[in-house]
Amino acid sequence: MSTYKDPLYNVSFDYPTSWVLTTQNLSDRRTLLLFVSPEDPDSNVFLAYTPMRDDFTSLGSFGSVEEVGLRSILPKGELQGSDVVSEMIGIESKKNSYYYDYTIGIPDGPERHLRSVFTMTSSANKKTNAKMLLTFTVQSKSTVYKTSSANSIIDSFSIKVK
C-alpha cells in the first residue's frame with residue numbers, strides 16, 4: 001500500500017500501490033482525485049474537494065447523518081423513474097465525520113458496494129483558511145468487495161482537525 005497525503009487540508013489515506021491517480025478540476029470549483037485499479041477499473045477510490053461558504057460551520061449545517069445519507073447518498077431510482085436499486089447498510093457519525101456503507105445496483109450492470117466519508121475541514125493556509133467539504137468514497141463490485149482492500153482503505157482515512 002502507498003499513502004496519499006494532502007498537507008494543505010491535513011488528509012491522508014492508504015491505497016494499493018498499483019492504482020493510478022488522475023486529478024480533475026470540475027467546472028463547479030470542485031477538485032476530484034481518482035485512484036483506479038488497472039486490473040479492475042470498477043475498484044476505485046475518489047476524494048472530492050468542494051469549497052464551502054463560511055456560514056457552513058459543520059456537517060450539521062447539511063442535516064443529521066441520516067438526513068444527509070437519505071438525501072445525497074442513496075439514489076432515488078423509483079422517484080426518478082429508473083431501475084436503480086440501492087440499500088443503506090450502515091450509517092455512523094464519528095470523528096466529526098459522516099460514514100456510509102451502501103450498495104447500488106443498476107440495470108444490466110454489476111451491483112457495487114461503496115463506503116463513503118463526508119467531513120469538513122479548513123485549509124492549513126492561514127491567509128485563506130478556506131473551508132472544504134471532503135467526500136471520500138471507496139467502491140468495488142459487490143462480488144469482490146469482501147476480498148478487496150476497500151475496508152482497509154476506508155479505515156486508513158485520516159483528517160487532522162486544527
Side-chain angles (χ1 to χ4, degrees), residues 2-16 18-38 40-65 67-86 88 91 96-141 150 153-154 156-162:
S2 295
T3 302
Y4 173 80
K5 293 181 181 181
D6 178 346
L8 184 60
Y9 289 100
N10 298 309
V11 175
S12 68
F13 59 88
D14 297 335
Y15 64 95
S18 65
W19 288 18
V20 179
L21 167 64
T22 58
T23 302
Q24 299 175 12
N25 292 309
L26 306 176
S27 61
D28 60 359
R29 299 184 322 144
R30 287 183 300 153
T31 299
L32 181 68
L33 303 180
L34 181 62
F35 296 80
V36 179
S37 166
D40 179 13
D42 288 318
S43 294
N44 58 67
V45 172
F46 75 80
L47 177 62
Y49 294 79
T50 305
M52 301 307 303
R53 297 185 332 230
D54 286 340
D55 57 337
F56 286 89
T57 57
S58 71
L59 286 176
S61 300
F62 298 99
S64 70
V65 65
E67 292 168 335
V68 170
L70 293 174
R71 275 197 320 258
S72 62
I73 295 288
L74 292 180
K76 311 300 185 273
E78 193 174 295
L79 295 174
Q80 297 170 341
S82 75
D83 295 330
V84 174
V85 177
S86 55
M88 185 68 76
I91 297 175
N96 296 316
S97 301
Y98 290 172
Y99 286 74
Y100 302 96
D101 187 352
Y102 54 106
T103 58
I104 296 176
I106 56 172
D108 302 321
E111 180 183 80
R112 299 179 186 284
H113 191 144
L114 301 93
R115 290 188 63 198
S116 295
V117 179
F118 285 25
T119 193
M120 286 184 65
T121 188
S122 297
S123 166
N125 181 341
K126 296 195 187 306
K127 289 182 182 179
T128 64
N129 201 34
K131 289 186 180 176
M132 198 68 65
L133 173 67
L134 303 180
T135 307
F136 181 66
T137 298
V138 179
Q139 71 170 313
S140 65
K141 292 178 197 162
I153 293 170
I154 206 84
S156 73
F157 180 77
S158 173
I159 185 162
K160 294 182 179 132
V161 179
K162 300 176 287 177

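Keep in mind that what you see is a predicted model, and the values were worked out from it rather than measured. Heavy atoms only: backbone and side chains are in, while hydrogens, waters and symmetry mates are out.
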Donor-acceptor pairs under 3.5 angstrom involving side-chain atoms of residues 112-120: please list them, not counting sequence neighbours.
residue	atom	partner	partner atom	Å
Arg112	NH1	Asp42	OD1	3.0
Arg112	NH2	Asp42	OD1	2.9
His113	NE2	Asp101	OD1	2.5
Arg115	NH1	Asn151	OD1	2.6
Ser116	OG	Tyr102	OH	2.8
Ser116	OG	Thr137	OG1	2.7
Thr119	OG1	Asn96	O	3.3
Thr119	OG1	Ser97	OG	3.0

* To do: Evaluate side-chain contact (heavy atoms from CB on, under 4.5 Å) for Val138 paired with Tyr15, printing each intermediate quantity in order.
  => CA-CA 10 Å; Val138 179; Tyr15 64 95; over 6 Å; no
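- Remark: of the listed residues Leu8, Leu32, Asp6, Thr135, Asp6 is the sole one forming a side-chain contact (heavy atoms from CB on, under 4.5 Å) with Tyr49.
- Looking at every heavy atom in both residues, Met132 comes nearest to Pro51 through SD-N, 3.3 Å.
- The structure places OG1 of Thr121 at 12.5 Å from CE of Met52, a figure rounded to the nearest 0.5 Å.
- Between Ser72 atom OG and Tyr98 atom OH the span is 10.0 Å, to the nearest 0.5 Å.
- Atoms CZ and CG, from Phe46 and Leu33 in turn, are 11.0 Å apart once rounded to the nearest 0.5 Å.
- Taking every heavy atom of both residues into account, Val45 and Trp19 meet most closely at CG2-CZ3, 3.5 Å.
- Atom CD of Glu67 sits about 13.0 Å away from atom CZ of Phe62, to the nearest 0.5 Å.
- Residues Val36 and Thr22 have side chains not in contact (no heavy-atom distance under 4.5 Å, counting atoms from C-beta outward).
- Residues Ser37 and Pro16 form no side-chain contact, since every pair of their non-hydrogen atoms from C-beta on lies 4.5 Å or further apart.
- The salt bridge (charged side-chain N to carboxylate O under 4.0 Å, His left out) check on Arg53 picks up Asp55, with sequence neighbours excluded.
- Put simply, CG on Asp14 and CD1 on Ile153 are 8.0 Å apart, with the number rounded to the nearest 0.5 Å.
- For Phe35 and Phe13, the gap between ring centers is short of 6.0 Å.
- Contact check for Leu133 versus Leu59: side-chain heavy atoms found under the 4.5 Å cut-off.
- Across every non-hydrogen atom of Ser12 and Thr3, the tightest pair is CB-CG2, 4.3 Å.
- Residues Ile104 and Gln139 form no side-chain contact, since every pair of their non-hydrogen atoms from C-beta on lies 4.5 Å or further apart.
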